[in-house]
Amino acid sequence: MSAFSDLPGRAARPKSQWRGWFARLVARPGFQKFAANVPLIGSMARRDGAEIFDILQGFVASQVLLALIKLEVLQDLLSGPVTAEEAALGRQVPHDRMEALLRAGTALSLLKRGRDGRFSLARKGAAILGVPGLTDMIRHNAAFYKDMADPVAILRGEGETHLAQFWPYVLGGDSDVACDEALRYSGLMAKSQVLVAEDTLRAVSLRGVETVMDVGGGSGVFLSEALWRHRRLRAMLVDLPSVIPAAESRLASSGILGRVSLHPGSFRDGALPKGADAISLVRVLYDHDDATVRDLLAKAFDALPPGGLLIISEPMAGGARPERAGDIYFSFYTMAMGTGRARSPERISELCEEAGFLGSSQPRPRRPYVTRVLTCVKPV
């Protein structure tokens, strides 16, 4: 019971009413002026202000990162520290503006500025170059940022977005996708899929599994990692016909093509092939709407034998406790694509149960901004 309910003549109010009253109080300019001059409340107000400004400048910070990548400044700094004048050479950027870019990179802890005025890579800047596919994803985000210039239009579903044009195969609903479009998607995903594969296989064990079928397996990054870790494991890869040659090439160069059967086709068009006792859906569900996901999960259920394992790995929303990666970035990214959504583990579990699966498990994610993993089984 609230202490306010003990005051004479004052009835107890639900917490939601008090929260609403407090929010209205904080939203008053007069309260903000008062709070700034009160020691304890003032420090909270200043901290809130700084965090709000960080949100406000977030887009500019991301564009600073994009400029560092597009101008290949981070890459060149691997060779050693440079001055702004040296960094500007050959880049058609005035040295004073290059100085501004380097200072901005330093403020973001991507670079370091020495006492001699030269700039070098900081740990975070070097890490960007060491994460597979990250620089390509940063470049790719330019299309996403164009769409986010009008977030209200995305929320209302108005107009065609750049991302919807980039991922036409998702909206097309068939397997007749132009080869260059399919390969562009597969190439970008292959580079970023390395970390996803590592985190997925840390979260779930394939011991006891004889054959795993990766649906929407792209160029075979996940299967390559799985087969390398489990030498007796065999695999099946299902994806669009235009993607299969890239998968065949990767698997052959890894020396594991003989352990993989390739199945060209779209999961939209018919049943999934049988023969696997585990099915993996890595970064697949969040590309699609609930109706498509329901259909795919039903096909996965039919393709698995009793006791078969289903593995779902993708970025997920936070559910009752929203979190930054799933509920901000991936939520709006899938919205801009025009289909799909970032779902919580609880929602994905519900969809799996509708398909007939049981025993959902959610291993603790190592890096939620990379992927989360959910597993369930077909009843015996």
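For the single chain, residues carry numbers from 1 onward in sequence order.
Panel note: side chain Thr161, backbone Ala336; a donor-acceptor pair is recorded below 3.5 Å. Between the side chain of Arg341 and the backbone N or O of Asp290 there is no donor-acceptor pair closer than 3.5 Å. With hydrogens and angles disregarded, no donor-acceptor distance shorter than 3.5 Å links the side chain of Ser249 to the backbone of Pro245. The main-chain N or O of Gly220 is never found under 3.5 Å from a side-chain atom of Arg250 such that the two would form a donor-acceptor pair. Between the side chain of Arg91 and the backbone N or O of Leu71, at least one donor-acceptor pair lies under 3.5 Å. No donor-acceptor distance shorter than 3.5 angstrom exists from the side chain of Ser331 to the backbone of Ile328, with no hydrogens or angles considered. Between the side chain of Asp277 and the backbone N or O of Thr211, at least one donor-acceptor pair lies under 3.5 Å. Remark: the backbone N or O of Arg207 is paired with a side-chain donor or acceptor of Ser205 at under 3.5 angstrom. Within the 3.5 Å criterion, the main-chain N or O of Leu233 finds a donor-acceptor partner in the side chain of Arg259. For Arg234 (side chain) and Gly258 (main-chain N/O), a donor-acceptor pair under 3.5 Å exists by modelled atom type.
Looking at heavy atoms from C-beta onward, Leu155 lies in side-chain contact with Phe332 at the 4.5 angstrom threshold. Counting heavy atoms from C-beta on, the side chains of His140 and Phe144 never come closer than 4.5 Å. Side-chain contact between Lys274 and Met213: absent, with no pair of heavy atoms (C-beta onward) separated by less than 4.5 Å. Contact of the Val293 side chain with the Arg343 side chain is registered, since non-hydrogen atoms from C-beta on lie closer than 4.5 Å. Residues Leu351 and Leu285 form no side-chain contact, since every pair of their non-hydrogen atoms from C-beta on lies 4.5 Å or further apart. Contact of the Leu110 side chain with the Ile128 side chain is registered, since non-hydrogen atoms from C-beta on lie closer than 4.5 Å. Counting only heavy atoms from C-beta outward, the side chains of Asn141 and Ser62 never approach each other to under 4.5 Å. Residues Ile311 and Ile279 form no side-chain contact, since every pair of their non-hydrogen atoms from C-beta on lies 4.5 Å or further apart.
Val238 and Val243 fall into different hydrophobic clusters, where Ile, Leu, Val, Met, Phe, Trp and Tyr side chains are chained together by heavy-atom contacts under 4.5 Å. If you chain together hydrophobic residues whose side chains sit under 4.5 Å apart, Leu251 and Val282 fall into the same group. Transitive grouping of hydrophobic side chains (ILVMFWY, heavy atoms separated by less than 4.5 Å) brings Ile138 and Leu74 into a common cluster. Hydrophobic clustering, with ILVMFWY side chains joined whenever heavy atoms are under 4.5 angstrom apart, groups Leu78 together with Leu134. Hydrophobic cluster membership is shared by Leu77 and Leu66, with clusters built from Ile, Leu, Val, Met, Phe, Trp and Tyr side chains linked at under 4.5 angstrom.
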side-chain hydrogen bond (donor to acceptor under 3.5 Å, both in side chains), that's the test. Do Asp295 and Thr292 meet it? Break it down for me. CA-CA 5 Å; Asp295 181 62; Thr292 304; over 6 Å; no

side-chain contact (heavy atoms from CB on, under 4.5 Å) between Glu86 and Arg118, intermediate numbers included: CA-CA 9 Å; Glu86 292 168 340; Arg118 304 174 82 192; 4.2 Å; yes

Kindly indicate, with the supporting measurements, whether the criterion side-chain contact (heavy atoms from CB on, under 4.5 Å) is fulfilled by Leu296 and Leu281. CA-CA 10 Å; Leu296 175 55; Leu281 301 172; 4.0 Å; yes

Derivation and outcome, side-chain contact (heavy atoms from CB on, under 4.5 Å), residues Ser349 and Gln362: CA-CA 9 Å; Ser349 294; Gln362 304 167 31; 4.0 Å; yes

Could you walk me through whether Leu56 and Ile52 pass side-chain contact (heavy atoms from CB on, under 4.5 Å), step by step? CA-CA 6 Å; Leu56 176 65; Ile52 291 168; 5.6 Å; no

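Within 6.0 Å of the CZ atom in Arg324, the count of heavy atoms belonging to other residues, nucleotides or ligands does not exceed 12. Annotation: Arg229, atom CZ; neighbour count of heavy atoms from other residues, nucleotides and ligands within 6.0 Å is above 12. Around CD of Glu158, the count of heavy atoms belonging to other residues, nucleotides or ligands within 6.0 Å exceeds 12. Within 6.0 Å of CD in Glu210 there are 12 or fewer heavy atoms belonging to other residues, nucleotides or ligands.
Between Asp199 and Arg202, at least one side-chain N (NZ, or NE/NH1/NH2) sits under 4.0 Å from a carboxylate O, which counts as a salt bridge. Using a cutoff of 4.0 Å between basic side-chain nitrogens and carboxylate oxygens, Asp150 and Arg156 are not scored as salt-bridged.
Atom OG1 of Thr334 is separated from atom CG of Leu163 by 10.0 Å, given to the nearest 0.5 angstrom. In this structure, CZ on Arg347 lies 10.5 Å from SG on Cys352, to the nearest 0.5 angstrom. Note that CD1 of Ile312 and CG of Leu297 are 5.5 Å apart. Values are rounded to the nearest 0.5 Å.
Scanning for salt bridge (charged side-chain N to carboxylate O under 4.0 Å, His left out) contacts around Arg139 gives an empty result, with sequence neighbours left out.
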Listing, residues 368-380 side-chain donor-acceptor contacts under 3.5 Å, not counting sequence neighbours, or none:
unit_1: Thr371; atom_1: OG1; unit_2: Ser313; atom_2: OG; d: 2.8
unit_1: Thr371; atom_1: OG1; unit_2: Glu314; atom_2: N; d: 2.9
unit_1: Lys378; atom_1: NZ; unit_2: Phe301; atom_2: O; d: 2.8
unit_1: Lys378; atom_1: NZ; unit_2: Leu304; atom_2: O; d: 2.7

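A side-chain contact (heavy atoms from CB on, under 4.5 Å) with Phe267 holds for exactly one of Leu272, Leu240, Asp239; it is Leu272.
Using bins of under 30°, 30° to 60° and over 60° for the plane-to-plane angle, the ring pair Phe59/Tyr145 lands in the perpendicular bin.
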